[in-house]
Amino acid sequence: EVYDDKVWNSHTEHLIKKFGYGHDYKELYGKYTGSCAIIGMGPSRSCLTTRKLAIPSFAINRAAVEYPEATYWVAHDPTSLLHLGDKVNGRIPLITYGYNVYREHWDKRGQREVFFYDILDDPNRSIYKPLYWNESGFGLALSLVHRLGFSRIYVIGIDMTTGGYVSYAMPEDEMLRQHEAVAKRIKKMFSDEEKPKWNDGKSLDIIDLGAGNLPLPHENPENAPIWL
């Protein structure tokens, strides 16, 4: 088979061989059970200011700077890798879309553990189809934690607002426009049409500890059994 260069260069096995380091994110499959948290940059992440999580956590992009106790840093945006790599706690493993690393020549060899995923992979070459991709970090992170084995996901800082964000690559008006579009895509991912693309039929409890704008059950963070 002949693959487009971009697709081929995004395959995890190619990247691991090219860089001489890193892991396929599927090595983490089945490692976890129970609860985890996905952390975004919305204002509701303020609940983490005075307390720490007692469950594994996946911080998206700059949220890993704001919550340095995160278990994993999930970043699919090359600007996050370039601008935040030296600001995110070095002990936090990075889970990232491999082609962005390849394209940006992001070479932090030996500085942190890296797991590559592939949103362009041919489903016939994977254990599962590629991670769900709706151009939002949350959609991808939710697909990821679902596959790793978690059955209850607490969502913090995914508020469907435009506050709290910084863009390194675009003017503010374009950033706001894109966030509005992403908010629509996030709502759509819970529709009957989209949900099967990231949920393979497993029972999954997703609880919004944020602003309550997600189409999910909402809970006051004070009442969630997730804190140290």
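Every value quoted in this text rests on a predicted model; they were computed, and no experiment measured them.
Sequence neighbours left out, the pairs with a member in residues 38-62 that pass ring pair (Phe, Tyr, Trp, His ring centres under 6.0 Å) are F58-Y72, F58-F150.
Linking Ile, Leu, Val, Met, Phe, Trp and Tyr whenever their side-chain heavy atoms come within less than 4.5 Å puts I153 and M160 in one cluster. Under a hydrophobic-cluster definition in which Ile, Leu, Val, Met, Phe, Trp and Tyr are linked whenever side-chain heavy atoms come within less than 4.5 Å, directly or via other members, M189 and W133 are assigned to the same cluster. Connection of F115 to Y32 is established within a shared hydrophobic cluster, with ILVMFWY side chains joined at heavy-atom distances below 4.5 Å, either directly or through further cluster members. Under a hydrophobic-cluster definition in which Ile, Leu, Val, Met, Phe, Trp and Tyr are linked whenever side-chain heavy atoms come within less than 4.5 Å, directly or via other members, L28 and L131 are assigned to the same cluster. Note on Y67: it clusters hydrophobically with I55, by side-chain heavy-atom contacts below 4.5 Å among ILVMFWY residues.
Between C47 and L209, every side-chain heavy-atom pair lies at or beyond the 4.5 Å cut-off. In this structure the side chain of H76 never reaches within 4.5 angstrom of the side chain of V74, judged on heavy atoms. Looking only at side-chain heavy atoms (C-beta outward), R152 and I207 come within less than 4.5 Å of each other. Contact of the V155 side chain with the F138 side chain is registered, since non-hydrogen atoms from C-beta on lie closer than 4.5 Å. Counting only heavy atoms from C-beta outward, the side chains of K87 and E66 never approach each other to under 4.5 Å. Between Y97 and L140, the closest side-chain pair of non-hydrogen atoms is not below 4.5 Å.
R45 and M41 make their closest contact through NE-O, 3.3 Å (heavy atoms, listed as atom of the first residue, atom of the second, distance). Scanning all heavy atoms of the two residues, the minimum distance from A37 to L53 falls at CB-CD1, 3.9 Å. Nearest heavy atom pair, residue S57 against residue I39, reads CB-CD1, 3.9 Å. Nearest approach of P56 to S35, heavy atoms of both residues: CD-O, 3.5 Å. When every heavy atom of S44 is checked against every heavy atom of I158, the shortest pair comes out as OG-N, 4.4 Å. Taking each heavy atom of I60 and A141 in turn, the nearest pair found is CD1-CB, 4.1 Å.
Rounding to the nearest 0.5 Å places CG of N134 at 14.0 Å from NZ of K187. Taking CH2 from W73 and CD1 from I95, the interatomic distance works out to 11.5 Å, rounded to the nearest 0.5 Å. Atom OH of residue Y132 and atom CG of residue L142 lie 9.5 Å apart, to the nearest 0.5 angstrom. A distance of 11.0 Å separates CG of D208 from CD1 of I38, quoted to the nearest 0.5 Å. Y117 contributes atom OH, which lies 8.0 Å from atom CG of L144 (distance to the nearest 0.5 angstrom). Within the model, atoms CG of N213 and NE2 of H218 stand 8.5 Å from one another, a figure rounded to the nearest 0.5 Å.
Formation of a donor-acceptor pair under 3.5 Å by the D192 side chain with backbone atoms of K195 is not found in this model. In this structure a side-chain-to-backbone donor-acceptor pair under 3.5 Å is missing from R147 to Y29.
Annotation: side chain to side chain contact (heavy atoms under 4.5 Å, CB included) contacts of T50 (sequence neighbours excluded): none. For N220, the side chain to side chain contact (heavy atoms under 4.5 Å, CB included) partners are E222, N223, not counting sequence neighbours. By the side chain to side chain contact (heavy atoms under 4.5 Å, CB included) test, V182 pairs with S136, R185, I186, sequence neighbours left out. Residues that satisfy the side chain to side chain contact (heavy atoms under 4.5 Å, CB included) test with P225, not counting sequence neighbours, are Y154, E219.
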Apply side chain to side chain contact (heavy atoms under 4.5 Å, CB included) to D24 and F116, showing your working. CA-CA 5 Å; D24 188 322; F116 297 125; over 6 Å; no
Under the criterion side chain to side chain contact (heavy atoms under 4.5 Å, CB included), I'd like the reasoning laid out for K31 against L148: C-alpha separation, chi angles, the key distance, then a yes or no. CA-CA 6 Å; K31 181 177 179 179; L148 298 191; over 6 Å; no
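Ring geometry, H146 versus W198: the interplanar angle exceeds 60°, so the pair is classed perpendicular (tilted spans 30 to 60°).
Other residues, nucleotides and ligands place more than 12 heavy atoms under 6.0 Å from the NZ atom of K52.
Here L228 is tied to no hydrophobic group at all, with no ILVMFWY side chain closer than 4.5 Å.
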